[in-house]
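Written out below as structure tokens is the structure these notes cover.
All chains are named by letter (A, B, ...) in the order of the sequence lines, taking the proteins before the strands, and each is independently numbered beginning at 1. Values reported hereafter were calculated over all heavy atoms of this structure, with side chains retained and with hydrogens, waters and symmetry mates removed.
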Amino acid sequence: MTYRASFVAMTVGQALITLIDFAAIAIMFSHIDELGGFTLGEVALLYGMSGFALGAADLLMGNTEQLGRRVRDGSFDAMLVRPVAPLVQIAADQFALRRVGRITQAVAVLGWGLAASNIDWSVPKVLVLLATLVSGSVIFCAVFVLGGAFQVLAGDATEVMNAFTYGGNTLTQFPLSIYPAEVVRSVTFIVPLAFVNWYPALYLLDVEDPFGLPSALQYASPVAAVLAAAAAAVAWRAGVRRYRSTGS
Amino acid sequence: MPNHPCDDPRLVTLRVGLYAAVATRGFRRYSTYRAATLAGIFTNTVFGVIIAYSFIALWDQRPSLGGYGQAQALTFVWVAQALIMPVGLFSGGIVDELSDRVRSGAVAIDLHRPIPLLWWRFAEDAGRAAYHFLTRGLAPVLVGSLLFDLAWPQRVSTYGVFLIAVALAIGVGFGIRFLLGLLAFWVIDVRGFVVMLTITQVFFSGMVLPLVVFPDALRTLAEVLPFRCLVQIPADVLLHEDTGTTVLPLLGIQLLWLVALLVAGHLLTGAAVRKVVVQGG
């Protein structure tokens, strides 16, 4: 927080990134009424849910991106000998408040999306929405940790992680109905990104699944989150156990 | 300085050799990290696929939106992915290095080098860009052309003109990032400005969405900014497959921006040197 002007510029910048991101979608909608069968308000809902989940996960676990560097320069070794779990150290290292900009913007878009997309509200729907925001954040956290485990072994390849975190965010900003069925199946059963927003949104909007998958999936986000977190925990432990220092 | 030793004509060949050597090192510096390159190719490809499907959904409904057919719109996606790294669309690299060296004082050594800071950095960045174009540029396009129906130009000459446009785009991209790095002489922590400029650059380059699809007001704004030189213009040069009337003015715009940015970089380096106070005494 020492460089106040830069902090302001960065927070504004973070919000701007995502604002411009949404501006692109809005421009697309200036030429069409529906994308993959969804209106602009409904896409804003998808966008906001995914943006919130990624933003919250980035705030907590975004530092796993730096693991490759830590392995290369040996500072990961120092973390392993301290009496605190390395994952906690990584999360607490350079806790970046500026990342709040992304969440704020996502919440704004989400709020507008909820208002603009004709939802027939009920108590279960409110619960599903709240559970999804938490589950979605957990799912993205799991992806960050999986990427971290991969970096501990590979010593590099932050970019592969970006494909799943930021790529996953970009993918889920659009209704999954625009993608081929294989893509939808892989983000349902392999990397459960579809549970961050797509399935719960189908439930909130009372839309039938265009791919005809069971409607039970629409309530399953917390289950997907628990499974993803468990997989990430196993991978992380395996990664740390196999870790070999660069030895320099 | 009429008798400055660097003006000796015999030294010209020596200097060309020096720049070539710097450029080669710039190339090798990145070619060393093969895993990082592969990872980058993977990421560019994943993003290309995602954006391609959103464009398919858009062009399915509006088949000639912005004057592009669907195949052209998809070609645009992959050309844009190919240009991200060569033109340095997301900043990083030279901006971070230059501003770090200013902050740490190491820039004092750079200013003592036998060739000017601007040209040294330009040569190095050209080498880096060449490497990124050959790897992270070509490989995702190859995958994209296997997965989607793309609109490739028929005439061989179009590819030649496209390469010129890419070279100019790399130069413009360097010019913008060099100025941004120099900013560190006046502002100690440039990160906030880097983030803001990067976003503006990405949006107005056409990378997110081709500028031909933008509403009129935004499009007019995009046309007076240098950023369209980075993605939109090279992509248009490839897609239009035109020999003169459309393409030459586009290349002219790129050249004008390149010259303007390099002149600004030269003048600002001079101003920075006069004001420089190396930290740490």
**Pair Y166(A), T43(B): side-chain N/O donor-acceptor within cut-off below 3.5 Å** = no
**Request:** Please step through side-chain hydrogen bond (donor to acceptor under 3.5 Å, both in side chains) for the pair S50(A) and T172(A), ending with a clear verdict.
**Result:** CA-CA 6 Å; S50(A) 175; T172(A) 50; 2.8 Å; yes
**Asked** Given that the side chain runs from C-beta out, which part of F164(A) has a heavy atom under 4.5 Å from chain B: side chain, backbone, both or neither?
**Response** side chain
**Prompt:** Is R128(B) salt-bridged to E97(B), cutoff N-O under 4.0 Å?
**Reply:** no
**Request:** Before giving the answer on side-chain contact (heavy atoms from CB on, under 4.5 Å), spell out for L40(A) and I25(A) the whole-Å C-alpha distance, their side-chain angles and the decisive distance to 0.1 Å.
**Result:** CA-CA 8 Å; L40(A) 178 58; I25(A) 294 177; 4.2 Å; yes
**Fill in**
Listed by number, the residues in residues 207-233 of chain B that come under 4.5 Å of chain A (heavy atom to heavy atom) are V208(B), L209(B), V213(B), F214(B), P215(B), L218(B)
**Request:** Run through V109(A), L54(A), L110(A) and flag the one making a side chain to side chain contact (heavy atoms under 4.5 Å, CB included) with M49(A).
**Result:** L110(A)
**Request:** Among L268(B), L98(B), V107(B), V190(B), find the residue that satisfies the side chain to side chain contact (heavy atoms under 4.5 Å, CB included) test when tested with F185(B).
**Result:** V107(B)
**Message:** With a 4.5 angstrom heavy-atom cut-off, is it the side chain or the backbone of R34(B) that approaches chain A, or both, or neither?
**Reply:** neither
**Message:** If the condition is ring-ring contact (aromatic ring centres under 6.0 Å, His included), which residues does F55(B) pass it with, not counting sequence neighbours?
**Reply:** W59(B)
**Message:** Run the side-chain hydrogen bond (donor to acceptor under 3.5 Å, both in side chains) test on D77(A) and Y243(A) for me, step by step, so that the C-alpha distance in whole Å, both residues' side-chain angles and the decisive distance to 0.1 Å come before the verdict.
**Reply:** CA-CA 10 Å; D77(A) 294 33; Y243(A) 171 65; 2.5 Å; yes
**Message:** Between F22(A) and F29(A), is the ring centroid distance below 6.0 Å?
**Reply:** no
**Inter-chain contacts: residues 175-183 of chain A against chain B, heavy atoms under 4.5 Å** = I178(A), Y179(A), P180(A)
**Request:** Any pair with a residue in residues 83-93 of chain B that passes side chain to side chain donor-acceptor pair (under 3.5 Å), sequence neighbours left out, goes on the list, sorted by first then second residue, please.
**Result:** S91(B)-T198(B)
